[in-house]
Amino acid sequence: MGRVSQAQAEENRRRVVDTASRLFREQGTHVSVADLMKAAGLTHGAFYKQFASKEALVDEVTAHAFDEIARRNAAGLERHDGQRDAAQRALIDAYLSVEHRDNAADGCPVAALATDIARGPEGREARRTYAEGVADFAAFLAPAEAVADGGGVGGVGGVGGVGGGEGGLARLCTLVGALVLSRATQGSPLSEEILAAAHAALTEAD
């Protein structure tokens, strides 16, 4: 068999990252390389032509997943003509929906990857990327008035800041906590009640 072209190699890498991004969010990063490559439609051996290790893939997938969140949030803001409150309300509606609860593979990596990231070593690139992604997501959720006043998370080093940082972090904690609990209680009426309670807590004051 001839060598794979550079274009094909890049396509194969993209396919592995996309597939891993969905599987890791749905099943966790413990998914085996063999199962991952089968799902991607590639051979097991092809994995090590693309990635130095599974840990390197986890690092790349974490960055990929948070880039996806940033793109979605930017697109949401554009759809609402830059109206931050409207974009945030649409995000809250979608985040706390049954559809999002039932579709972890395409859902929020903050909730889906939290346990795996927490169990990993502190020095891992994936943990740094995760922390930055959380800070950026919280900044997007910061109340519009806090952003106008110059508040915000301000990056990983500013997660403990005041003003917009606190407001955005509180909203993100409510969203993620509700999503995790609703998935854990799925099949019980409590699951939908959790989503509804969090939605009310985040929107009734608006």
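Remember, it's a predicted structure, so these values are computed and weren't measured experimentally.
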Is there side-chain contact between [X] and [Y], with heavy atoms separated by less than 4.5 Å?
X: Phe47; Y: Leu57; value: yes
X: Pro109; Y: Ile69; value: yes
X: Leu141; Y: Leu91; value: yes

Once salt bridge (charged side-chain N to carboxylate O under 4.0 Å, His left out) is applied, do any residues pair with [X], and if so which ones, sequence neighbours excluded?
X: Asp59; result: Arg124
X: Glu192; result: Arg101
X: Arg72; result: Glu68
X: Glu125; result: Arg128

[X] side chain vs [Y] backbone, donor-acceptor pair below 3.5 Å:
X: Gln50; Y: Ala9; value: yes
X: Thr19; Y: Val16; value: no
X: Ser191; Y: Gly187; value: no
X: Ser21; Y: Val17; value: no
X: Arg25; Y: Ala104; value: no
X: Ser97; Y: Ala94; value: yes
X: Arg171; Y: Ile92; value: no
X: Thr43; Y: Ala46; value: yes

Taking only residues two or more places apart in sequence or in another chain, which ones pass side-chain hydrogen bond (donor to acceptor under 3.5 Å, both in side chains) with Gln6?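 Per chain and number, Gln6 pairs via side-chain hydrogen bond (donor to acceptor under 3.5 Å, both in side chains) with Glu10.
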
My understanding is that only residues two or more places apart in sequence, or in another chain, count here; which of them pass side-chain hydrogen bond (donor to acceptor under 3.5 Å, both in side chains) with Gln186?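 In terms of side-chain hydrogen bond (donor to acceptor under 3.5 Å, both in side chains), with neighbours along the sequence ignored, Gln186 is linked to Asp102.
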
May I have the step-by-step check of side chain to side chain contact (heavy atoms under 4.5 Å, CB included) for Asp85 and Gln88, ending in yes or no? CA-CA 5 Å; Asp85 288 342; Gln88 290 171 344; 3.8 Å; yes

Leu113 CG to Cys108 SG distance, which is reported to the nearest 0.5 Å: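 If we round to the nearest 0.5 Å, Leu113:CG and Cys108:SG are 8.5 Å apart.
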
With sequence neighbours excluded, give me every ring pair (Phe, Tyr, Trp, His ring centres under 6.0 Å) pair touching [range].
range: residues 182-201; value: none
range: residues 20-44; value: none
range: residues 93-120; value: Tyr95-His100

Listed once per pair and sorted, the salt bridge (Lys or Arg N to Asp or Glu O under 4.0 Å) pairs that draw on residues 172-187, sequence neighbours left out: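 For residues 172-187: none.
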
Tell me which pairs pass salt bridge (Lys or Arg N to Asp or Glu O under 4.0 Å) where either residue lies in residues 28-43, with sequence neighbours left out.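 Pairs touching residues 28-43 that pass the test: none.
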
Side chains of Asn103 and Glu99, donor plus acceptor under 3.5 Å: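 There is no such pair between these side chains.
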
Run the numbers on Glu60 and Arg13 for side chain to side chain contact (heavy atoms under 4.5 Å, CB included), then give the verdict. CA-CA 11 Å; Glu60 186 164 336; Arg13 184 185 185 91; 2.6 Å; yes

Tell me every residue that passes ring-ring contact (aromatic ring centres under 6.0 Å, His included) with Tyr130, counting only those two or more places apart in sequence or in another chain.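 With sequence neighbours excluded, Tyr130 shows a ring-ring contact (aromatic ring centres under 6.0 Å, His included) to Phe66, given in chain and number order.
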
Test side chain to side chain contact (heavy atoms under 4.5 Å, CB included) on Glu26 and Val31 and set out the steps. CA-CA 10 Å; Glu26 183 177 52; Val31 172; over 6 Å; no

